[in-house]
Protein chains: 2
Amino acid sequence: METKRAATRLAALGHEKRLAVFRLLVQAGPEGLSAGVIGEQLGLAPATLSFHLAHLSRVGLITGRQESRFIFYATNYAEMDDLLGFLTQNCCNGGSCLPKTLAANTQAKRRRSSPKTC
Amino acid sequence: METKRAATRLAALGHEKRLAVFRLLVQAGPEGLSAGVIGEQLGLAPATLSFHLAHLSRVGLITGRQESRFIFYATNYAEMDDLLGFLTQNCCNGGSCLPKTLAANTQAKRRRSSPKTC
DNA sequence: TCCATCGTTCAAGTATTATCGAAATGATTG
DNA sequence: CAATCATTTCGATAATACTTGAACGATGGA
């Protein structure tokens with residue numbers, strides 16, 4: 001059941017254009033970017049972009065907020081965090097493993113008993 | 001071009017059964033598991049499993065080695081590592097960000113001594 | 001009010017992906 | 001070499017996803 005959730009999110013990121021959108025938003029930070037700006041940056045037709053934004057939004061990776069005539073989309077950092085945590089869980093029983101990932105997992109474990117800091 | 005590679009890998013993981021296979025292998029460690037064992041664990045028809053293993057293999061996330069009559073599949077840790085690194089690159093220009101992810105990226109930075117803003 | 005702008009939704013065509021039975025391959029053993 | 005076992009490949013079918021033009025609703029400015 002949890003695997004299904006992770007899979008739908010990974011599938012959402014598993015499309016070149018959507019991944020590009022997502023990375024753009026990750027880099028943009030909490031402020032986010034308006035749909036128009038995203039479309040301009042990536043050269044996507046409005047309908048196509050809207051489709052992908054809706055997709056990313058539906059699986060919880062981004063959220064949109066209306067601001068005057070624009071809609072700003074921003075990364076949902078907490079959900080992305082969960083996804084990465086899921087991917088690095090139970091990594092090879094402590095054997096030789098992912099350098100970065102193992103580090104991330106250790107950090108994650110350490111963090112889980114305390115509130116978020118960044 | 002690099003985004004495309006990451007996207008194909010994420011897409012490969014973005015399928016419930018394949019993600020389950022992958023996690024099983026991550027937990028199994030470098031030794032890996034034979035196709036038969038994987039199929040048994042996850043209740044997949046041989047042909048279906050083979051299709052998914054080939055898919056994961058083609059995008060570089062796992063590799064198979066023949067051992068007697070069996071084929072053992074194991075996680076390609078380095079490639080997975082790269083993928084996670086890609087996802088956490090250029091994270092929100094130092095603003096409030098991914099807790100776990102940020103930690104991962106910091107480790108990555110330390111390991112590679114490459115400039116990552118996070 | 002009228003018009004332009006921003007973005008979404010709809011509809012329909014096209015393309016890609018998943019599934020699994022059956023047959024083929026490849027390795028091992030008697 | 002024949003039999004057996006593990007896995008893959010083939011082929012057909014079903015399902016899902018992507019793209020885009022056109023129409024629509026909402027907002028803000030003249």
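The figures here come from the full heavy-atom set of this structure, side chains too, leaving out hydrogens, waters and symmetry mates. Proteins come first, then strands; the chains are lettered A, B, ... in the order of their sequence lines, and each starts at number 1.
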Original post:
Quick one: are Leu19(A) and Leu87(B) in side-chain contact, heavy atoms under 4.5 Å?
Top reply: yes

Subject >> Rounded interatomic separation in angstrom, taking CD1 from Ile38(B) and P from dA6(D) >> reply: 14 Å

Original post:
Below 4.0 angstrom from OP1 or OP2 of dT20(D), is there any side-chain N or O of Thr48(A)?
Top reply: yes

Original post:
Taking the side chain of His15(B) as heavy atoms from C-beta outward, which of dT7(D), dT19(D), dA18(C) is closest to it?
Top reply: dA18(C)

Original post:
Counting side-chain heavy atoms from CB outward, which of dT27(D), dT19(D), dT8(D) is closest to Gln66(A)?
Top reply: dT27(D)

Original post:
Are more than 12 heavy atoms from other residues, nucleotides or ligands located less than 6.0 Å from atom CD of Glu31(A)?
Top reply: no

Subject >> Options dT5(C), dT19(D), dT9(C), nucleotide nearest the side-chain atoms of Phe51(A) >> reply: dT19(D)

**OP:** Check every atom of dT19(D), dA6(D), dA4(C) against the side chain of Arg69(A) and return the nucleotide holding the closest atom.
**Re:** dA4(C)

Original post:
Which heavy atom in Phe70(B) sits nearest to a heavy atom in Ser34(B), and how many Å separate them?
Top reply: CB-CB, 4.1 Å

**OP:** Figure out the CG/C1' separation between Leu42(B) and dT19(C), and round it to whole Å.
**Re:** 16 Å

Original post:
Nearest nucleotide by nearest heavy atom, which residue falls closer to the 5' end of DNA chain D, Gly14(A) or Ser50(B)?
Top reply: Ser50(B)

Original post:
Please give, in whole Å, the distance from dT16(C) P to Glu16(A) CD?
Top reply: 14 Å

Original post:
Do the side chains of Ile62(A) and Asn76(A) get nearer than 4.5 Å, heavy atoms only?
Top reply: no

**OP:** Please determine, for the side chain of Ala47(B), which listed nucleotide (dT8(D), dT9(D), dC6(C)) has the closest atom?
**Re:** dT9(D)

**OP:** Using a cut-off of strictly less than 4.0 Å, decide whether Tyr73(A) has a side-chain nitrogen or oxygen near OP1 or OP2 of dT8(C).
**Re:** yes

Subject >> Short side-chain N/O contact to dA17(D) OP1/OP2 from His52(A), under 4.0 Å >> reply: no

Original post:
Hey, is the side chain of Arg18(A) poking within less than 4.0 Å of OP1 or OP2 on dA17(D), counting only N and O atoms?
Top reply: no

**OP:** Specify the separation, in whole Å, of atom CG of Leu53(A) and atom P of dT19(D).
**Re:** 13 Å

**OP:** Give Ser68(A) one of three labels, base, sugar-phosphate or nothing, depending on what nucleic acid heavy atoms sit under 4.0 Å from its own.
**Re:** sugar-phosphate

Original post:
How about Ile38(A) and Leu25(A): do any of their side-chain heavy atoms sit closer than 4.5 Å?
Top reply: yes

Subject >> Separation of atom CG in Leu49(B) from atom P in dC20(C), rounded to whole Å >> reply: 11 Å

**OP:** Decide, yes or no, whether a salt bridge links Glu67(A) with Arg65(A) under the criterion of side-chain N to carboxylate O below 4.0 Å.
**Re:** yes

Original post:
Mapping His55(A) and Ala54(B) onto DNA chain D by nearest heavy atom, which one lands closer to the 5' end?
Top reply: Ala54(B)

**OP:** Estimate the overall bend of the helix from dT1(C)-dA30(D) to dG30(C)-dC1(D) from the end axes over five pairs each, rounded to 10 degrees.
**Re:** 30°

Subject >> Glu79(B)/Arg5(B) ion pair, N-O < 4.0 Å >> reply: yes

